[in-house]
2 protein chains.
Amino acid sequence: MDTKTALLDAAENAARAFGIDGFSYADLAKKVGIRKASIHHHFPTKDDLVIALMRRYTNDLIASLDKIDAVSETAGQRLRQQIARYRLALQGGQSLCLCAALSASRDSLSPEVVAELGSYRKTMLVWLADVFAKGTADGTILNVGKPENDAAACLAVLEGAQLYARAEENLNRFDEAVAQIIGRIL
Amino acid sequence: MDTKTALLDAAENAARAFGIDGFSYADLAKKVGIRKASIHHHFPTKDDLVIALMRRYTNDLIASLDKIDAVSETAGQRLRQQIARYRLALQGGQSLCLCAALSASRDSLSPEVVAELGSYRKTMLVWLADVFAKGTADGTILNVGKPENDAAACLAVLEGAQLYARAEENLNRFDEAVAQIIGRIL
DNA sequence: GTCTATAGTGCGATAGAC
DNA sequence: GTCTATCGCACTATAGAC
């Protein structure tokens, strides 16, 4: 595999498990099998690495949303798959969505990373609002109010539920928190 | 003021704003006006400090819940006041609930701190479940399902909404995410 | 209870050989 | 593109004077 890609993979896993301040170039070097000085050839500073990480993460999200849209027939199915995606990202309670992991330590981040975080959330919120709007139209999601508020509440539940499940390393905590929203899907 | 209390106050503000790995004894020393070596007299290790921090935080929560219970007449009023409490804790988008701030960097925490975090959430969940149960009984909260699930979803929304509002330093993001739950209160 | 001084470690980053 | 070697800095923690 490409060294750059291997570095991004290792950094993503580490950031989601330990937070942005919770891993070092030394950790990545060990994981990838090169010396830490060599990492600077690919990413001159740690901030360069984190920016690249978030850019890739947002691009992956867009691809993932397109895929969900392509294979789903109803809005309810789309929402259900998105919830499953967040559940899977937990990796049994060991790992957060990169977005949630970085948001918590906001003050360690450069303006570029904060902007990229905003872009990620915006993409997700627009998609969710569309799902809730379509869910009212096709009748597969119940009790939809203002789609934008439903989207914001849904994203908050997903990230809060991840935080909670991770704190106790227990997927049940995630399932309990999202049970209500799943109950609204036909 | 007591030096120990001043240290805990400074540490709590710092942890909620920058995360557990985002402040040092040097930062606290500067804030409180003593030398960093002197902090070790009050809290031998940083972990001792964080444990004391979480213990105080949980005790403050219990006192706060008692106060809300004392001044509220309906379950709906209690829930409304709890949401307001989380909104206030954001300090305009600069600061998270200590619990959310620590949960994100779980792997930097000692087992004692993780246990204390669990105790905090447990206290909050029991209280919220009771509020939702009473809200069905007195008719001041709508659409209550299993009170435990409502409580878990509510806590997840509150913490997720904080994370989101903090990332954008914008209280509107919090308000949008909790609008739905406020809409269920009569 | 607070101080100065310092030990010991780990960090991000750089220089220069290969 | 990767290496060895090293710089300068910040961190937690300790020793011992006052």
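This one's a predicted model, so the numbers in the text were calculated from it and none came from an experiment. Letters A, B, ... are given to chains in the order of the sequence lines, protein chains preceding strands, and every chain is numbered from 1.
- At a threshold of 4.0 angstrom between heavy atoms, the contacts of B:Phe43 with the nucleic acid are absent.
- Residue pairs meeting the ring-ring contact (aromatic ring centres under 6.0 Å, His included) criterion with at least one member in residues 44-81 of chain B, sequence neighbours excluded, are B:Tyr57-B:Tyr120.
- Two residues, A:Ala26 and A:Ala37, neighbour DNA chain C, and the one matched to the more 5' nucleotide by heavy-atom proximity is A:Ala26.
- Counting any heavy atom pair closer than 4.0 Å across all strands shown, B:Ser24 reaches sugar-phosphate atoms only and no base atom.
- Protein atom CG of B:Leu28 is 10 Å distant from nucleotide atom P of D:dC11, rounded to whole Å.
- If A:Arg35 and B:Thr45 are placed on DNA chain D by their nearest nucleotide, the residue sitting closer to the 5' end is A:Arg35.
- Taking OG1 from A:Thr140 and CG from A:Leu79, the interatomic distance works out to 8.5 Å, rounded to the nearest 0.5 Å.
- Using modelled atom types, one finds no donor on one side chain facing an acceptor on the other under 3.5 Å when comparing A:Arg78 with A:Gln81.
- Boundaries of the chain B contact region on DNA chain C are C:dG1 to C:dA5, first to last in 5' to 3' order (nucleotide atom under 4.0 Å from a heavy atom).
- Between B:Lys134 and B:Asp69 no salt bridge is recorded (no basic side-chain N to carboxylate O distance below 4.0 Å).
- The distance from the OG1 atom of A:Thr58 to the CZ atom of A:Arg121 is 11.0 Å, given to the nearest 0.5 Å.
- Residue B:Val178 is not grouped with residue B:Leu163 when hydrophobic side chains (ILVMFWY) are merged at heavy-atom distances under 4.5 angstrom, including chains of intermediate members.
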